[in-house]
2 protein chains.
Amino acid sequence: MSARRTTPPVLEGLSIRERSVAFEDLTARARIREAALEHFAREGYDRATIRAIAKTAGVSAGLLRHHYGSKEDLREACDHYVFEMLHRVNAGLLADPGTTAQTRQMSKPFGTYVARSLADGSPTVGPIFDELVTMTEAWLARADDSRTDTPIVDRRVRAVLVTAMKIGIPLLHEHVSRSLGTDMFGPEGDRLIALGLLDIYSHALIDDDVATSAAAGYEEPQR
Amino acid sequence: MSARRTTPPVLEGLSIRERSVAFEDLTARARIREAALEHFAREGYDRATIRAIAKTAGVSAGLLRHHYGSKEDLREACDHYVFEMLHRVNAGLLADPGTTAQTRQMSKPFGTYVARSLADGSPTVGPIFDELVTMTEAWLARADDSRTDTPIVDRRVRAVLVTAMKIGIPLLHEHVSRSLGTDMFGPEGDRLIALGLLDIYSHALIDDDVATSAAAGYEEPQR
DNA sequence: TCCAGTCCTATACAAACGTCTAGCAACTTA
DNA sequence: TAAGTTGCTAGACGTTTGTATAGGACTGGA
């Protein structure tokens with residue numbers, strides 16, 4: 001297939017479903033992993049079944065066990081895979097921050113998987129959350145520079161909250177899409193969300209004096 | 001038990017676990033409901049089992065079925081119960097907005113249940129999300145009044161995002177608590193989060209011009 | 001006293017699940 | 001050619017799950 005390559009160089013060899021390489025051309029082992037990522041992200045770890053994943057991958061349930069051992073081992077393999085993928089995406093973004101919109105689109109399936117895994121309580125995704133918090137913290141540092149007053153709580157705390165909040169959106173994709181009137185993973189929903197987040201992040205949602213007076217009630221433990 | 005009543009009048013007859021009435025004094029039917037709320041909120045619908053809920057309630061699995069029919073019916077009963085509770089809390093807050101800190105604490109178990117149900121895809125909690133969005137929308141209206149520029153997206157869209165983000169925090173309570181170094185449902189974590197949210201909501205996180213330039217890339221569909 | 005209804009337990013059942021074993025076919029290596 | 005390794009399927013096993021049924025204990029009214 002020599003069609004014009006639409007994959008940005010940053011994501012070379014990263015995603016599968018969205019790239020030019022066909023799903024059927026993958027090895028069975030890779031197909032199982034892709035199918036597992038899909039099922040885990042969409043249905044969660046518990047609802048997803050070995051047999052359904054195997055069926056999506058076009059193999060038997062026995063082969064899945066042959067390659068990955070157990071369901072828990074399969075999840076760990078997916079976690080490590082996504083972990084490495086996100087690192088590569090991140091490194092690529094640092095080197096070439098131009099193609100943000102496209103990479104956003106490409107890394108989306110990984111994002112939903114991470115979000116779902118975090119909510120499901122996967123034992124190995126904790127470091128990913130911590131890393132996202134650290135990235136947010138560095139991002140918040142810039143905002144704190146152009147700020148006159150002193151924040152009432154540590155930057156780390158705010159980074160944790162912003163990170164968790166951001167992940168909440170794909171976690172509630174069903175209700176977000178319904179309320180938006182369009183699929184939030186589609187191009188229209190994606191645009192709405194991106195613009196909405198930019199607007200929210202660039203404006204204060206409550207008055208400063210209202211916030212400080214409300215914060216006063218929390219400064220000392222309530223009786 | 002004639003100890004000083006700590007329950008604010010707003011929540012009269014609302015929560016159970018945190019009130020003076022003992023869990024053992026409830027009818028079996030109520031104990032089952034309370035146990036189900038606890039298990040569904042903590043473990044999610046799939047991981048929670050009929051038998052475990054019955055054991056927590058101190059009854060047999062058969063009695064659970066006798067009172068509630070099926071697991072799905074039990075979930076619906078919990079949904080409707082929480083739905084009504086939140087309405088009463090909301091009505092009470094409108095009538096007497098003074099005891100916000102305490103009511104926050106009291107309505108927290110319901111909040112985590114709603115959050116988990118929304119993420120689990122419960123069929124009957126959709127309206128709750130829509131209602132929360134509407135409340136957020138009214139709340140955003142005040143912020144829009146004291147604003148000079150025109151928002152780039154509809155207020156409804158921003159309300160949806162803010163609502164989903166807020167719910168994301170209890171959904172990721174495990175990682176939030178770990179990153180915070182303290183249980184986010186404890187008094188210390190609760191204070192940190194309340195203050196953190198106030199700080200975040202009362203300040204812009206990115207510069208306005210940066211946002212507008214970034215938004216420009218989304219105004220027209222990318223090629 | 002009898003009877004009907006309610007509350008409750010114990011046990012059984014069918015389905016679905018993760019896991020395991022046996023075995024076949026193709027390819028590689030000695 | 002023989003033996004070993006790898007990729008793969010089919011089927012069975014034991015457990016757990018939601019659900020169903022039979023029956024006991026208690027209560028209130030006729």
Side-chain angles (χ1 to χ4, degrees), chain A residues 16 21-81 113 116-117 120-124, chain B residues 16 21-81 113 116-117 120-124:
Chain A
I16 305 291
V21 52
F23 184 68
E24 298 77 20
D25 291 344
L26 294 174
T27 66
R29 185 180 163 86
R31 283 207 311 275
I32 292 172
R33 169 172 39 74
E34 293 301 313
L37 286 173
E38 192 174 314
H39 280 258
F40 286 157
R42 182 154 36 91
E43 308 160 9
Y45 181 76
D46 297 303
R47 240 188 296 259
T49 68
I50 294 270
R51 287 172 174 84
I53 294 172
K55 189 174 182 181
T56 299
V59 299
S60 70
L63 185 64
L64 191 148
R65 169 179 159 75
H66 172 70
H67 278 302
Y68 290 97
S70 69
K71 188 184 182 184
E72 187 59 37
D73 289 340
L74 175 61
R75 157 146 83 172
E76 275 190 33
C78 289
D79 286 350
H80 284 113
Y81 177 77
Y113 175 84
R116 194 63 190 243
S117 295
D120 280 349
S122 169
T124 55
Chain B
I16 306 290
V21 52
F23 184 68
E24 297 79 17
D25 291 343
L26 294 174
T27 65
R29 184 179 164 86
R31 283 206 313 275
I32 292 172
R33 168 171 39 76
E34 292 302 311
L37 286 173
E38 192 174 315
H39 279 259
F40 285 157
R42 181 153 37 90
E43 308 159 9
Y45 181 76
D46 296 305
R47 239 188 296 257
T49 68
I50 294 272
R51 286 172 175 82
I53 294 172
K55 188 174 181 181
T56 299
V59 299
S60 69
L63 186 64
L64 191 149
R65 170 177 158 75
H66 171 70
H67 278 302
Y68 291 97
S70 70
K71 187 184 182 185
E72 188 59 37
D73 290 341
L74 175 61
R75 156 145 83 173
E76 275 190 33
C78 289
D79 286 350
H80 284 113
Y81 178 76
Y113 175 83
R116 193 64 190 244
S117 295
D120 280 349
S122 169
T124 55

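To find a chain, count down the sequence lines: A is the first, B the second, and so on, and within it residues start at 1.
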Partner residues of B:Ser60 under the side-chain contact (heavy atoms from CB on, under 4.5 Å) criterion, sequence neighbours left out:
B:Leu63
Sorted by chain and residue number, the side-chain contact (heavy atoms from CB on, under 4.5 Å) partners of A:Ile50 (sequence neighbours excluded) come out as A:Ala61, A:Leu64, A:Lys71
Protein and nucleotides 7-10 of chain C: nitrogen or oxygen contacts under 3.5 angstrom:
unit_1	atom_1	unit_2	atom_2	d
C:dC8	OP2	B:His67	NE2	3.4
C:dT9	OP2	B:Ser60	N	2.7
C:dT9	OP2	B:Ser60	OG	2.8

side-chain hydrogen bond (donor to acceptor under 3.5 Å, both in side chains) involving A:His39 - partner list, sequence neighbours excluded:
A:Glu43, A:Thr56
Quick one: label A:Ala48 by what it contacts on the DNA or RNA (base, sugar-phosphate, nothing), any heavy atom closer than 4.0 Å.
sugar-phosphate
Check whether any side-chain heavy atom of B:Arg47 lies under 4.5 Å from a side-chain heavy atom of B:Phe40, and answer yes or no.
no
Closest contact, heavy atoms only, A:Tyr113 versus A:Cys78:
OH-CB, 3.1 Å
Euclidean distance, atom NZ of residue A:Lys71 to atom P of C:dG18 [Å, nearest integer]
4 Å
Give each protein N/O atom lying under 3.5 Å from an N/O atom of nucleotides 24-27 of chain C, with the pair distance.
none

Please say which of B:Thr27, B:Val59, B:Leu37 ends up in a side-chain contact (heavy atoms from CB on, under 4.5 Å) with B:Ile32.
B:Val59
A:Asp120: partners by side-chain contact (heavy atoms from CB on, under 4.5 Å), with sequence neighbours left out:
A:Tyr45, A:Arg75, A:Arg116
Between CD on residue B:Glu72 and CD on residue B:Glu76, distance to nearest 0.5 Å:
6.0 Å
Under 4.0 Å from a heavy atom of chain B: give me the 5'-most and 3'-most nucleotides of DNA chain D that qualify.
D:dT17 to D:dT21
Show me the pairs that pass ring pair (Phe, Tyr, Trp, His ring centres under 6.0 Å) and involve residues 47-72 of chain A, at least two apart or across chains.
none
Output the residues of residues 39-47 of chain B in contact with DNA chain D, where contact means a heavy atom of the residue under 4.0 Å from an atom of the strand; sort by number or write none.
none
Listed by chain and number, what are the side-chain hydrogen bond (donor to acceptor under 3.5 Å, both in side chains) partners of A:Thr124, not counting sequence neighbours?
A:Asp79
Mind checking what makes salt bridge (charged side-chain N to carboxylate O under 4.0 Å, His left out) contact with B:Arg51, not counting sequence neighbours?
none
Round to a whole Å and report the spacing from CZ of B:Arg65 to P of C:dT6.
16 Å
Applying side-chain contact (heavy atoms from CB on, under 4.5 Å), name anything that partners A:Asp73, two or more places apart in sequence or on another chain.
A:Ser70
In terms of heavy-atom contacts, A:Ala35 and A:Ile53 come closest through CB-O, 3.6 Å
